[in-house]
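Here's the structure, in structure tokens; my notes come after.
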Amino acid sequence: MKPDLSALIATRDGIVRFYGADAATLTRSYAPGKWTMREFLLHLADAEAVFLDRLKRTLADDKPLLWGYDENRWQQQLFPAKRDLVVASRLFAAAREAVIELATLATPEQMGRLAVHSENGRRSFAQLLRATHEHAAHHLDQLRAIAAGQPWQPRPTTYAGNEPAP
């Protein structure tokens with residue numbers, strides 16, 4: 001199975017531009033009680049680093065265990081109002097570049113390597129790679145809605161990211 005590099009690149013490029021949004025847009029959300037654009041951008045930087053770690057462990061470790069994390073707790077505890085969006089942007093972009101590099105270098109055999117996620121069970125490298133893209137695409141849609149000042153509607157997806165590995 002060949003990875004869809006164009007999808008990984010497109011979501012990277014689409015997200016990176018929002019790190020430069022104006023202050024008013026960064027404080028908006030697509031609905032009351034939902035994360036602001038700034039909070040989504042911080043989450044994306046954190047999550048991309050987690051996805052990269054999971055992908056590396058899946059390729060390199062014997063019997064890798066991938067830990068889940070509480071994204072809302074990270075959002076609350078990791079200084080969201082004080083974090084620098086320039087640093088977050090660099091983290092997201094660098095992590096995505098590394099994900100793309102691993103996707104490019106991984107052999108077809110390595111695409112099938114398995115890891116065990118602490119909450120979702122067995123996952124192949126290919127499934128984790130696809131989940132990395134789907135996660136970013138999901139939040140990119142939310143960022144676009146916020147930028148346009150419109151409510152967000154979930155898009156249908158063919159991949160929930162939680163089906164077990166073959």
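Computed over heavy atoms, backbone and side chain alike; hydrogens, waters and symmetry mates excluded.
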Is it possible for you to say whether [X] and [Y] belong to one hydrophobic cluster, with membership spreading through side-chain heavy-atom contacts below 4.5 Å?
X      : Y      : answer
Leu44  : Leu128 : no
Ile15  : Val99  : no
Trp67  : Leu52  : no
Ile100 : Val16  : no

Shortest non-hydrogen separation from [X] to [Y] and the atoms involved:
X      : Y      : result
Leu65  : Arg57  : O-CD, 4.3 Å
His139 : Gln142 : ND1-OE1, 2.5 Å
Ser89  : Tyr19  : CB-CG, 3.4 Å
Ala106 : Phe125 : CB-CE2, 3.9 Å
Asn120 : His117 : N-ND1, 3.1 Å
Tyr69  : Ala47  : OH-CB, 3.3 Å

Measure from the side-chain N and O atoms of [X] to the backbone N and O of [Y], and report whether any donor-acceptor pair falls under 3.5 Å.
X      : Y      : value
Tyr30  : Leu143 : no
Arg38  : Pro80  : yes
Gln110 : Thr107 : yes
Arg113 : Leu59  : yes
Ser29  : Lys34  : yes

(message) Assess the residue pair Leu129 and Asp4 against the criterion (side chain to side chain contact (heavy atoms under 4.5 Å, CB included)); give the C-alpha distance rounded to whole Å, side-chain angles, the decisive distance to 0.1 Å, and a yes or no.
(response) CA-CA 9 Å; Leu129 195 58; Asp4 186 354; over 6 Å; no

Could you give the distance from [atom1] ([X]) to [atom2] ([Y]), rounded to the nearest 0.5 Å?
X      : Y      : atom1 : atom2 : result
Gln76  : Glu71  : CD    : CD    : 11.0 Å
Leu55  : Glu48  : CG    : CD    : 8.5 Å
Asp53  : Leu66  : CG    : CG    : 8.0 Å
Arg28  : Asp22  : CZ    : CG    : 7.0 Å
Thr132 : Leu102 : OG1   : CG    : 10.0 Å
Phe40  : Leu140 : CZ    : CG    : 11.5 Å

(message) Before you tell me yes or no, could you show the steps for Trp35 and Asn72 under side chain to side chain contact (heavy atoms under 4.5 Å, CB included), namely the whole-Å CA-CA distance, both residues' side-chain angles and the distance that decides it to 0.1 Å?
(response) CA-CA 10 Å; Trp35 285 354; Asn72 290 306; 3.3 Å; yes

(request) Please confirm whether Trp74 and His43 have ring centers closer than 6.0 angstrom. (result) no

(message) Set out, in order, the CA-CA distance, both residues' side-chain angles and the distance that settles side chain to side chain contact (heavy atoms under 4.5 Å, CB included) for Asp46 and Arg83, then state yes or no.
(response) CA-CA 12 Å; Asp46 291 340; Arg83 289 176 63 191; 2.8 Å; yes

(request) Please tell me if the side chains of Thr58 and Arg123 come closer than 4.5 Å, counting only heavy atoms from C-beta onward. (result) no

(request) Kindly indicate whether the side chain of Leu85, heavy atoms from C-beta on, has any atom under 4.5 Å from the side chain of Leu26. (result) yes

(message) Just by distance, no angles: are the side chains of Thr11 and Arg96 close enough, under 3.5 Å, to form a donor-acceptor pair?
(response) yes

(message) Do His133 and His138 pair up side chain to side chain, a donor and an acceptor below 3.5 Å, judged on atom types alone?
(response) no

(request) Just do the side chain to side chain contact (heavy atoms under 4.5 Å, CB included) check on Leu41 and Phe18 with the steps written out, would you? (result) CA-CA 8 Å; Leu41 292 169; Phe18 286 109; 4.0 Å; yes

(message) I'd like to know whether CD of Glu119 has more than 12 heavy-atom contacts from other residues, nucleotides or ligands below 6.0 angstrom.
(response) yes

(request) Please indicate whether Glu101 has more than 12 foreign heavy atoms, meaning atoms of other residues, nucleotides or ligands, lying under 6.0 Å from its CD. (result) no

(message) Looking at Phe51, I'd like to know if the NZ or CZ of Arg54 sits under 6.0 Å from its six-membered ring centre while staying within 45 degrees of the ring's axis.
(response) yes

